[in-house]
Amino acid sequence: MSEAVAKKLLSGTQISLTVSKGVETTLNALTGANEQFLTGAALTAVGGPGAKHGIQLLTSSEVLDLGTLNSVEQAVLRKWVNTKDVYPYAVVLPDEPDSIIYLAKPTQPAASTADPVSGVPFPAGMPRIQSHLMHFKTLLEDNTTDRKERRPWWTLHRARETVIGNASADEHGWAPFCLTTRWGGGGKLVVGLAPGGSAPASGLHVLRPEGDLVPPAYLAALYNSDLYQEIALSLPPGQLRQADLERIGLPLLQADAVESVSKSVYELARLVTTLVRQESLRFPRVLETLRSDVTLSADLKSSWLSETGASSLWGKLQEATWATTEAKRAAGTPLGDVSFSDDLLGQVVTIHVRNEPQKTAAEIHLAGHVTVAASEALAAAIRGLAFLGGKVRDLGELYVPIDPEVLSQQKAEDDSRLDALLEQYKTERTKIEEALGQHVRR
């Protein structure tokens, strides 16, 4: 990046930004080491010794066990965001995410207690949440006093309330802040919108625009752009500091450009969510590529996972009449890349040993009627198996259709659907790049 571009990004009105670490609980869950702090009755109530029940961080099933929650209690339970959930433009949570009991240190002290801070009683109107936490009161009190913290036992260790406290969803369903991971060792600066009603884990950073000049989507637009991805390479890995981001600048574009790039981010967030939730089931490289290459220029289609059909039409590769599998290495040998050749009877698919392409792990001899498209689809399925850690012993268990052309047809349909999504993705990113480019050239 030229010095002129760097100066341009620091000129004019700058967006003020708050950067914060994520939430830190007092205790996530019960362990064998801290069970001793519970009374016998309390330990029995949460499943007994070794149950490892959640305390301030609950699984979806543990939330259900709380019973019917009122609106106040539902608002206190925040969806927990981990590093693995953060992608460019969007945080994509699992179908049943964990939840944190988000209770921050109260701002109003108790009226008359020995300690006006730690003496604040449990908030009214949350009977089921209170009943749950009461099981762990002695343990939470011990951890709070051991840290010499002046806060009630039922609160979080670090709630970051000024930054995360308001996480209400906007009209698009997103919270008023973005999240990014700590990075280094080849990682990228990946910034995604946070779902409304969520709370980030301590290993994440919260990016929140101050004031109302721009929405959080504006941050995701700029920081995920090619220009800022290049600049981010100069930032020190690991802990993200506010001063680091201020040093590279965050200019306010013209009003129409702010609206345009934010609109593109909302569409990109939708596309990323679809890629993560749906397309990664067929194309296993999608997840890692999103985190390592925001442009998505890598080949995502070469590794593929087919959707198995009816048992009358599908079976194991070792039973297929159109393919003969021959192992060349021990059953535990990890599978690597795939190549093609021909013999007198037809095509030969050679599977190499992972990270040792000069060695052959197995060969699959295809019948003469198998088309090139079908053989390429099979190769993609084997690469998908290899990507998931497949070994020689797993090849014969790979499910394939009785008619190999079904495999090629399914692969073509999946490729077409992915291509359409990637085209939309790149179109929206181009709009952002053009808007930022116009600002730099102005």
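Given the structure is predicted, the values throughout are model-derived calculations rather than measurements.
The line from CD of Gln424 to OG1 of Thr274 is 9.0 Å long, rounded to the nearest 0.5 Å. Ile351 CD1 to Arg383 CZ: the interatomic distance, rounded to the nearest 0.5 Å, is 10.0 Å. The structure places CD1 of Ile129 at 10.0 Å from CD of Gln74, a figure rounded to the nearest 0.5 Å. Taken from CG in Leu245 to CG in Leu207, the straight-line distance is 6.5 Å, to the nearest 0.5 Å. The CG atom of Asp394 sits 11.0 Å away from atom OG1 of Thr333, with the distance rounded to the nearest 0.5 Å. Here the CG-NZ distance, from Leu268 to Lys431, works out to 9.0 Å after rounding to the nearest 0.5 Å.
Residues Leu77 and Tyr102 form no side-chain contact, since every pair of their non-hydrogen atoms from C-beta on lies 4.5 Å or further apart. Taking 4.5 Å as the limit, some side-chain heavy atom of Thr295 sits within range of a side-chain heavy atom of Asp226. Side-chain atoms of Glu307 and Gln410, non-hydrogen and from C-beta on, do get closer than 4.5 Å to each other. Put simply, the side chain of Asn28 does not reach to within 4.5 Å of the side chain of Ile55, judged on heavy atoms. Here the side chains of Leu388 and Leu305 are in contact, with some heavy-atom distance below 4.5 Å. In this structure, Pro251 and His439 have side chains that are in contact, with non-hydrogen atoms separated by less than 4.5 Å. The side-chain heavy atoms of Leu17 and Leu219, taken from C-beta on, include a pair separated by under 4.5 Å. Put simply, the side chain of Val46 reaches to within 4.5 Å of the side chain of Phe136, judged on heavy atoms.
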Show your reasoning for whether side chain to side chain donor-acceptor pair (under 3.5 Å) applies to Asp419 and Ser416. CA-CA 5 Å; Asp419 283 339; Ser416 177; over 6 Å; no
Trace of the side chain to side chain contact (heavy atoms under 4.5 Å, CB included) decision for Leu57 with Ile101: CA-CA 7 Å; Leu57 183 63; Ile101 300 176; over 6 Å; no
Please step through side chain to side chain contact (heavy atoms under 4.5 Å, CB included) for the pair Val81 and Leu179, ending with a clear verdict. CA-CA 9 Å; Val81 182; Leu179 299 177; 3.7 Å; yes
Evaluation steps, side chain to side chain contact (heavy atoms under 4.5 Å, CB included), between Val294 and Leu290: CA-CA 6 Å; Val294 69; Leu290 273 168; over 6 Å; no
Stepwise side chain to side chain donor-acceptor pair (under 3.5 Å) check, Ser225 with Glu433: CA-CA 6 Å; Ser225 68; Glu433 299 297 338; 4.7 Å; no
Candidate pair Arg329 and Val353, rule side chain to side chain contact (heavy atoms under 4.5 Å, CB included), full reasoning: CA-CA 9 Å; Arg329 297 280 170 174; Val353 176; 4.1 Å; yes
Asp293 vs Ser297, test: side chain to side chain donor-acceptor pair (under 3.5 Å). Steps then yes/no. CA-CA 7 Å; Asp293 176 18; Ser297 57; 2.9 Å; yes
Please report the C-alpha distance between Glu319 and Lys316 in whole Å, then the side-chain angles of each, then the deciding distance to 0.1 Å, and finally whether the salt bridge (charged side-chain N to carboxylate O under 4.0 Å, His left out) criterion is met. CA-CA 5 Å; Glu319 301 167 352; Lys316 296 179 180 180; 5.3 Å; no
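No more than 12 heavy atoms of other residues, nucleotides or ligands lie within 6.0 Å of CG in Asp212, so this atom counts as exposed by the packing criterion. The 12-atom threshold is exceeded at CD of Gln14, counting heavy atoms of other residues, nucleotides or ligands nearer than 6.0 Å. Within a 6.0 Å sphere centred on CD of Glu259, other residues, nucleotides and ligands contribute 12 heavy atoms or fewer. Within a 6.0 Å radius of CG in Asn355, other residues, nucleotides and ligands contribute 12 heavy atoms or fewer. The environment of NZ in Lys52 is sparse: at most 12 heavy-atom neighbours from other residues, nucleotides or ligands sit within 6.0 Å. Within 6.0 Å of NZ in Lys8 there are more than 12 heavy atoms belonging to other residues, nucleotides or ligands.
With respect to the salt-bridge test (charged N to carboxylate O, under 4.0 angstrom), the residues Arg160 and Glu24 qualify. Arg291 and Glu288 are not joined by a salt bridge, as no carboxylate oxygen comes within less than 4.0 angstrom of a charged side-chain nitrogen.
Of all non-hydrogen atoms in Ala167 and Arg78, the two that sit nearest each other are CB-NH1, 3.6 Å. Considering all non-hydrogen atoms of both residues, Pro176 and Ser168 come closest at CD-O, 3.5 Å. Taking each heavy atom of Tyr89 and Asn224 in turn, the nearest pair found is N-ND2, 3.4 Å. When all heavy atoms of Pro284 and Ser303 are compared, the pair lying nearest together is CD-O, 3.4 Å. For the residue pair Val23 and Ala159, the shortest heavy atom distance occurs at CG2-O, 3.8 Å. In this structure, Cys178 and Val191 approach most closely via the heavy-atom pair CB-CG1, 3.6 Å.
A donor-acceptor contact shorter than 3.5 Å links the side chain of Asp170 to the backbone of His172. A distance-only check finds no donor-acceptor pair linking the side chain of Glu279 to the backbone of Val276 [under 3.5 Å]. With hydrogens and angles ignored, the 3.5 Å screen pairs no side-chain donor or acceptor of Asp414 with any backbone N or O of Lys411. No donor-acceptor pair under 3.5 Å is formed between the side chain of Ser280 and the backbone N or O of Arg277. Gln56 contributes a side-chain N or O that, together with a main-chain N or O of Leu27, makes up a donor-acceptor pair within less than 3.5 Å. Between the side chain of Glu73 and the backbone N or O of Arg128, at least one donor-acceptor pair lies under 3.5 Å. Looking at Tyr218, its side chain does come within 3.5 Å of a backbone N or O of Leu253 through a donor-acceptor pair. Judged purely by atom type and a 3.5 angstrom limit, Ser262 uses its side chain to pair as donor or acceptor with the backbone of Val258. With Asp85 contributing its side chain and Pro94 its backbone, the two residues share no donor-acceptor pair below 3.5 Å. Judged by distance alone, the side chain of Thr289 and the main-chain N or O of Arg285 form a donor-acceptor pair under 3.5 Å.
Tested against Thr26 for a side chain to side chain donor-acceptor pair (under 3.5 Å), the candidates His157, Arg147, Arg151 yield a single pass: Arg151. When the options Val272, Leu275, Leu271 are evaluated for a side-chain contact (heavy atoms from CB on, under 4.5 Å) with Leu296, the one that passes is Leu275. Residue Leu418 is tested with Glu413, Gln278, Arg282, Lys301 for a side-chain contact (heavy atoms from CB on, under 4.5 Å); the sole match is Lys301.
Ring centroid separation for the pair Trp154 and Phe122 comes in under the 6.0 Å cut-off.
Judged by the 6.0 Å and 45° rule, Arg208 forms no cation-pi pair with Phe177.
Using a 30° and 60° split on the angle between ring planes, Tyr228 and Tyr223 fall in the perpendicular class, above 60°.
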